[in-house]
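Beneath this line is the structure, given in structure tokens, with notes to follow.
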Amino acid sequence: MRILFFGIAKDIVGKATVEFQNEIQFPIQVGALKAELIKKFPALGELSSLAIALNSHYATDDMSVSAQDEIALIPPVSGG
Amino acid sequence: MRILFFGIAKDIVGKATVEFQNEIQFPIQVGALKAELIKKFPALGELSSLAIALNSHYATDDMSVSAQDEIALIPPVSGG
Amino acid sequence: MDINIKIVSEIDTTIGYHYLAHEESGGHSIFIGSVRNSTQNETVHELFFEAYESMALLEMEKIAKEASQKWNLQKVIMHHAVGTKKVKEPIVLVGASSAHREACFEACRFLIDTLKERVPIWKKEFFENKKVWVTPHP
Amino acid sequence: MDINIKIVSEIDTTIGYHYLAHEESGGHSIFIGSVRNSTQNETVHELFFEAYESMALLEMEKIAKEASQKWNLQKVIMHHAVGTKKVKEPIVLVGASSAHREACFEACRFLIDTLKERVPIWKKEFFENKKVWVTPHP
């Protein structure tokens with residue numbers, strides 16, 4: 001499955017979209033997915049906040065992610 | 001001397017400008033002038049507020065008005 | 001600080017940002033007041049505004065200067081219309097620009113609140129069967 | 001309530017009142033944010049904005065609806081720019097209209113405050129010798 005990265009998270013990961021094949025087992029809870037991503041890219045863990053968007057909505061840690069969902073990593077926002 | 005009237009004060013007095021010749025003795029204090037005008041046009045006394053402008057600035061009751069000053073009667077404002 | 005103050009027959013609602021923009025300003029707060037179709041449940045057809053113009057301009061200038069003493073502002077705009085205004089027509093436009101948004105929001109609110117308290121402009125409301133000068137009670 | 005939400009390459013700063021006007025509205029509060037020439041005493045050359053567009057539009061819609069539950073509003077507008085923006089160029093325009101001014105002022109402030117907290121848009125600052133993603137600390 002594909003994860004979208006934006007802003008500083010894109011710089012940390014080095015690209016806007018990463019395909020995860022066998023590294024992550026789906027379904028997975030949002031909290032566990034975040035932990036996996038931080039393990040893989042430790043600099044993500046240093047951000048003041050890190051949220052996951054599930055199909056364009058903020059997700060809570062206990063939500064379940066399937067391989068068909070659109071997932072995005074949301075570093076601290078700074079619009080406006 | 002001439003006094004300018006606006007809004008509801010103009011309706012009460014019946015015109016926008018009134019010339020006062022011998023009815024009012026100058027110099028006069030603002031408070032006394034207001035009292036004279038209310039005596040002449042009692043409906044002015046029923047307004048929720050009544051201010052005097054002396055040369056386009058709000059005047060306090062203890063200021064002195066001479067016959068050369070531009071005087072305006074300011075009923076409750078309602079701009080905006 | 002730059003101040004732009006006018007009594008006009010037609011408010012141009014499009015110019016607020018153009019006037020307020022400044023290289024040190026990140027925030028611009030604009031308030032526009034207009035004629036609405038009712039007041040206290042009565043249908044309003046139109047409003048008529050009369051100003052003691054020389055004094056209204058001076059008083060708006062005092063208010064703009066007071067705002068610039070209270071907040072760090074780059075620019076202030078205050079325009080008020082006179083004459084007959086129909087429903088949806090703009091009556092007043094005020095605004096302020098500042099580095100951060102707190103100051104411009106607070107200043108903009110102060111500008112319109114204080115204008116309504118002090119600037120010598122009077123509004124007559126035209127209803128179906130009557131017309132009255134608005135004389136707010138304190 | 002009518003809501004007008006857009007992600008655009010250029011903010012049109014002139015349309016706020018035109019969109020917000022409504023026959024029941026007497027008050028219209030508009031906020032425009034723009035690029036200023038410095039941040040924390042460093043000279044800023046330009047900003048770059050990136051959005052997660054599908055989500056940003058949904059999140060702005062949620063914020064507009066929350067505002068309409070908190071206050072009695074006729075219309076809400078929220079436009080945000082993406083791409084490169086130079087000093088004095090507008091970045092964001094939000095606004096609300098209501099019968100009386102209290103509601104539109106409070107709603108407008110809520111719109112911009114909440115947009116900055118939640119809408120997935122990211123800003124990169126370009127200084128003389130470096131460029132950094134702005135990552136606000138809580």
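Centroid-to-centroid, the aromatic rings of C:Tyr17 and C:His28 come within less than 6.0 Å.
Using a 4.5 Å cut-off between heavy atoms, C:Phe49 contacts chain B through its side chain alone, with no backbone atom that close. The contact between C:Ala51 and chain B is made entirely by backbone atoms, counting heavy-atom distances below 4.5 Å. C:Lys116 touches chain B through backbone and side chain together, each having a heavy atom under 4.5 Å away. For C:Val119, the part lying near chain B is the backbone, with the side chain staying farther off; criterion is any non-hydrogen pair under 4.5 Å.
C:Lys70 and C:Glu66 are not joined by a salt bridge, as no carboxylate oxygen comes within less than 4.0 angstrom of a charged side-chain nitrogen. Residues C:Glu50 and B:Lys10 are paired through a salt bridge, judged by an N-O separation under 4.0 Å between the basic side chain and the carboxylate.
Taking the six-membered ring where tryptophan is involved, the planes of B:Phe41 and B:Phe5 are perpendicular, since the angle between them exceeds 60° and thus also 30°.
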